[in-house]
Amino acid sequence: MKTVTTDIVIIGAGLAGLYTALNIDSKKRIDIIVKEDLSDTNSRLAQGGIAGELDINKDLIKGHFDDTLTAGCYINNKEAVKVLVEEASFNIKNLINLKVAFDKDSEGNLLLTREGGHSKNRILHAGGDSTGKGIMKALRDACSLRDNIHLHENTMALDLVFNKEQCSGVFALSKSNRVIKYLAKSTVIATGGIGNIYGSTTNSTSATGDGISIASRADVEIEDMEFIQFHPTAFYNKETMHRQKFLITEALRGEGAYLRNSEGERFMEKYDERLELAPRDVVSQAIYREMYDTWADNVYLDTTHMDKETLERRFPTIFKHLLQYGFKLGEDLIPVSPVQHFTIGGVKTDLHGKTSLSNLYACGECASSGVHGANRLASNSLLECIVFGNRIAQDINHKPDSIISNGTAYNKFPSRNYDFTPMKRKLGQIMDEYVGIVRSEEGLTFAIQEVDKLHLSLTQYPNKNKFYYEALNMVEAAILIIKGALHRTVSIGCHYRIN
Ligand code: SIN
């Protein structure tokens, strides 16, 4: 088996992975492994923006702190939220130094927008509605200028190299099906969320819970997996049965769009005085109720009272995408429905991104830093990646060099490829039906029995290849979510139990 000895191995090349790498001392060797190519990350799909007060003003920062707590139903880790909002300014300015071109007005002032749960405009955006794309391009360019950063695309992390005391890297599978052992003094999991275990998600196809399941197999502490956030407004399109649904940013509601049910009624006043700008859990649950009451599969986003030219300029990606399907912003009602969007829980981390296993860190959506509580405030996710990515980098920069233990051998050899599509489809149906916006004791009990059967059949499957590991990670992540949902019997935030 080939062994690569390095200082740091980072699993995942989204915002959390690349930003962490760029803040690590350039004298240290970093290997970043990513299972697809660099373009396939969730970070790249982020539309709305990144929240944060650039002005270090106590009242402004307190406002961001309060909004984060209110959205999170006050079960957030307050210390982590304090870190998040206080270190936003430094890290967003760092992104600007890395040449991220946030949108500005004609006088050169940064433009700020608002999304659900924010009491004021504090969200920066790039390219109108392609913030993630803008940020990721700048970071990829910056990484390509750094000799100490080695990127390995099409390399799938399989399992951690670890013993009881510490993590010392990761076993990975190359494109040519060879197992490579990356031995590292520090390992960072930055693999994003679990979206594809649901039948419908806004996530990229690479979001299959890999990092969370890999950590869980090494007995690393995982928490709060039941908190799955549903985005209220994915484009509802009967013609495309793809798992990945097109996101329509909440910033559209921030700029004035309304929600209407299938009877044309604006309904949010029945649910929350913040109307369309209530936090995401409230809006998704309200839409679910409206769809149920009106026997409809979707509601509508209404922009017909807004200026068409402004909408086209401000939301160019969405404008173009909808046009392909015959819908025009500013003219037509846009069919939308809530779909899986974000994993709040994950690998439990402290204020420096450290997990329960020594030398193992986690960052971004796969981590549970405690900042989001029971429901994430819009546009705090990109912020979490940079604030905690920088903290992980500083911890690595300042810790004494450790001896890398050689860890275990790997005896699960890869063999021929088999596509687990039917199993993934079944998993998606179970998760959509029983572990969605509304959950019940009976539904969750049925779901765990069915997913346990899928898990059993996987553990008996002889071929350990990339697709096998992806399916295994998805099923194991689903089990963590269902068990968490069964265990938490009281509704809070985006975990809603009817019994
Ligand atoms: C959006 O633009 O609505 C999504 C941003 C986020 O998930 O915070």
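We count ligands from 1, going down the list as the structure has it; atoms in each ligand are counted the same way. Remember, it's a predicted structure, so these values are computed and weren't measured experimentally.
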Exercise. Do Val100 and Ile92 have side chains that get closer than 4.5 Å, going by heavy atoms?
Worked result: no
For this session: With atom 1 (C) of ligand 1 as the reference point, say which of Leu383, Leu382, Thr249, Ile123 has the nearest heavy atom.
Result: Thr249
Exercise. With a 4.0 Å cut-off on heavy atoms, is Ala378 touching ligand 1?
Worked result: yes
Problem set entry | Ligand-residue contact atoms, ligand 1 with Arg280, heavy atoms, under 4.0 Å | 1 (C), 3 (O), 4 (C), 5 (C), 6 (C), 7 (O), 8 (O)
Exercise. Just wondering, are more than 12 heavy atoms of other shown residues or ligands nearer than 6.0 Å to OH in Tyr271?
Worked result: yes
Problem set entry | Any Gln229 heavy atom less than 4.0 Å to ligand 1 | no
Exercise. At a 4.0 Å threshold, what atoms of ligand 1 neighbour a non-hydrogen atom of Glu250?
Worked result: 1 (C), 2 (O), 3 (O)
Problem set entry | Test item: Tyr236 and Val299 side chains (from C-beta on) under 4.5 Å apart, heavy atoms | no
Exercise. Is the distance between the ring centroids of Tyr288 and Tyr496 under 6.0 Å?
Worked result: no
Problem set entry | Where ligand 1 meets Glu115 - atom numbers and elements under 4.0 angstrom, heavy-atom basis | 1 (C), 2 (O), 3 (O), 5 (C)
For this session: Just jot down the ligand 1 atoms closer than 4.0 angstrom to any heavy atom of Ser379, in number order.
Result: 6 (C), 8 (O)
For this session: Output yes when the distance from some N or O of ligand 1 to some N or O of Ala251 is under 3.5 Å, and no in every other case.
Result: no
Problem set entry | CD on Glu115 to CG on Asn121, rounded to 0.5 Å | 10.5 Å
For this session: Return the option from His341, His125, His231, Gln47 holding the heavy atom at the smallest distance from atom 3 (O) of ligand 1.
Result: His231
For this session: Could you label the plane-to-plane angle of the Phe227 and His495 rings as parallel, tilted or perpendicular, counting under 30° as parallel and over 60° as perpendicular?
Result: perpendicular
Exercise. Can you tell me if His341 and Thr202 form a side-chain donor-acceptor pair at under 3.5 Å?
Worked result: yes
